[in-house]
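The block underneath contains the structure these notes are about, expressed in structure tokens.
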Amino acid sequence: MSGVAFPGRPGLSSARTLAAAVDRYLDSLPTATTRASYDDTLARLIDLAGGASPVADLTPEDFAAVMDLWNTAAAATWNRHLSALTSFTTWAQRQAVLETNPARRLQRRRPARLGDRAIPRARLDKLLTDDAHGLRERVLWRMLYETAARAEEILSLDIEDLDPEFRRARVTSKGGAIEYVHWATGSGRLSYPRAEYLFKTATAAPDPHGRGWTLHQLRHSALQHLAAAGRTAAELQAKSRHAHLASLGAYVRLGEHTSAAVTADTDPAARRRTR
């Protein structure tokens, strides 16, 4: 009597090469933004390990070589790329094309505390007036600081978006809404990666850690300095265009002295004594 072969999992054999497995994994992701982000990381893995190589042959050294590309990046960037590798690993193990965990030697990095992300005002003032850096770059950095806007918002500005009379610019915010940011100088056009590279290179010396600061730290610095100057959470929300006041809690740390001052200001007995 002849036997009938039990059918294998559909597409399993085709997923045994790294390139094919990556394609199948990316197709399984429901979110387009996640797919695009992880595609960048896994493309680097294919370049380094070889697309025709078996998924089962992936080693910790392969993953370490990929992550070395972002060894000096911010913790959030490092963690995003590591998430792509670990997520792919979990998927490949479930598909029975990978038995080991090539990411086992890699660890997520702890992001800096929000308070540490603010650049000291004195160092920032010196940076923005240092002729050793190009005028276009310094104008961009000042625009980011004075507007407290997101870097991609300022880098996307066109001439028709600017309103010099009122020193404001029309930007497309994170959620897609059209909003206005206000400045005291001007701007020039750069790509985000190039602008980030120039800023980190220029700030490596004044940064105590020697890594250089990120463009996004200019936004945090602006809000931190405004809060230190006594601006309220509502005023910070108007400046930063955060959707929720809770997002500004890290900037506005009000303690017992604030409670005492508010109580004193509204105390009827105190008002009568000052007459």
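Model, not experiment: these values are computed from the prediction. By convention here, the first residue in the shown sequence is residue 1. All values below come from the heavy atoms of this structure, side chains included, with hydrogens, waters and symmetry mates left out.
Counting only distance, with no hydrogens or angles, the side chain of Asp158 and the backbone of Glu160 share no donor-acceptor pair below 3.5 Å. The closest donor-acceptor contact from the side chain of Asn79 to the backbone of Ala75 lies under 3.5 Å. A donor-acceptor contact shorter than 3.5 Å links the side chain of Arg123 to the backbone of Pro206. Although no hydrogens or angles enter the test, the distance criterion places a donor-acceptor pair under 3.5 Å between the side chain of Gln93 and the main chain of Thr100. For Ser28 (side chain) and Tyr25 (main-chain N/O), a donor-acceptor pair under 3.5 Å exists by modelled atom type. Formation of a donor-acceptor pair under 3.5 Å by the Trp78 side chain with backbone atoms of Gln107 is found in this model.
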Legend entry - Candidate pair Leu58 and Thr89, rule side-chain contact (heavy atoms from CB on, under 4.5 Å), full reasoning: CA-CA 10 Å; Leu58 286 172; Thr89 297; over 6 Å; no
Contacts under 3.5 angstrom, residues 45-57 side chains, donor-acceptor by atom type, not counting sequence neighbours:
| residue | atom | partner | partner atom | Å |
| --- | --- | --- | --- | --- |
| Ser53 | OG | Ala49 | O | 3.2 |
| Ser53 | OG | Gly50 | O | 2.6 |

All N/O donor-acceptor pairs, side-chain side in residues 29-41, below 3.5 Å, sequence neighbours left out:
| residue | atom | partner | partner atom | Å |
| --- | --- | --- | --- | --- |
| Arg35 | NH1 | Leu29 | O | 2.5 |
| Thr41 | OG1 | His81 | ND1 | 2.6 |

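Distance check, rounded to the nearest 0.5 Å: CG of Leu223 to CD of Gln237 gives 11.5 Å. Note that CG of Leu26 and CG of Leu42 are 5.5 Å apart. Values are rounded to the nearest 0.5 Å. Note that CG of Asp207 is 8.5 Å distant from CD1 of Ile119, once rounded to the nearest 0.5 Å. Expressed to the nearest 0.5 Å, how far CG of Leu128 lies from CG of Leu124 amounts to 4.5 Å. The distance from the OG1 atom of Thr172 to the CZ atom of Arg150 is 11.5 Å, given to the nearest 0.5 Å. To the nearest 0.5 Å, atom CG of residue Asp161 and atom CZ of residue Arg170 are 4.5 Å apart.
Between Phe88 and Trp91, the angle of the ring planes stays under 30°, which puts this pair in the parallel group of the 30/60° scheme.
Applying the salt bridge (charged side-chain N to carboxylate O under 4.0 Å, His left out) test to Asp62 and every residue at least two apart in sequence or in another chain returns nothing. Among residues two or more places apart in sequence or in another chain, the salt bridge (charged side-chain N to carboxylate O under 4.0 Å, His left out) test is passed with Asp163 by Arg168. Remark: Arg108 pairs with no residue by the salt bridge (charged side-chain N to carboxylate O under 4.0 Å, His left out) rule, at least two apart or across chains.
Residues Phe199 and His133 form no side-chain contact, since every pair of their non-hydrogen atoms from C-beta on lies 4.5 Å or further apart. In this structure the side chain of Lys239 never reaches within 4.5 angstrom of the side chain of Arg231, judged on heavy atoms. Side-chain contact between Thr129 and Arg142 is present, with at least one heavy-atom pair separated by less than 4.5 Å. Looking at heavy atoms from C-beta onward, Ile178 lies out of side-chain contact with Val171 at the 4.5 angstrom threshold.
Evaluated for a side chain to side chain contact (heavy atoms under 4.5 Å, CB included) with Tyr145, the options Gln217, Arg121, Arg219 yield exactly one hit, Arg121.
Of all heavy-atom pairs spanning Glu153 and Ser173, the tightest one is OE2-CA, 3.3 Å. For Leu127 against Ala202, the heavy-atom pair with the smallest separation is CD1-O, 4.1 Å. For Ala74 against Lys200, the heavy-atom pair with the smallest separation is N-NZ, 4.4 Å. Taking all atoms of both residues into account, the shortest heavy-atom contact from Met67 to Leu106 is CG-CD1, 3.7 Å. Among all heavy-atom pairs drawn from Leu69 and Arg44, the shortest one is CD1-NH1, 3.7 Å. The shortest heavy-atom contact between Pro208 and Trp213 is CD-CZ2, 4.5 Å.
Tracing side-chain contacts under 4.5 Å through hydrophobic residues (I, L, V, M, F, W, Y), one reaches Trp70 starting from Leu85; they form part of the same cluster.
Annotation: ring pair (Phe, Tyr, Trp, His ring centres under 6.0 Å) contacts involving residues 150-179, sequence neighbours excluded, are absent.
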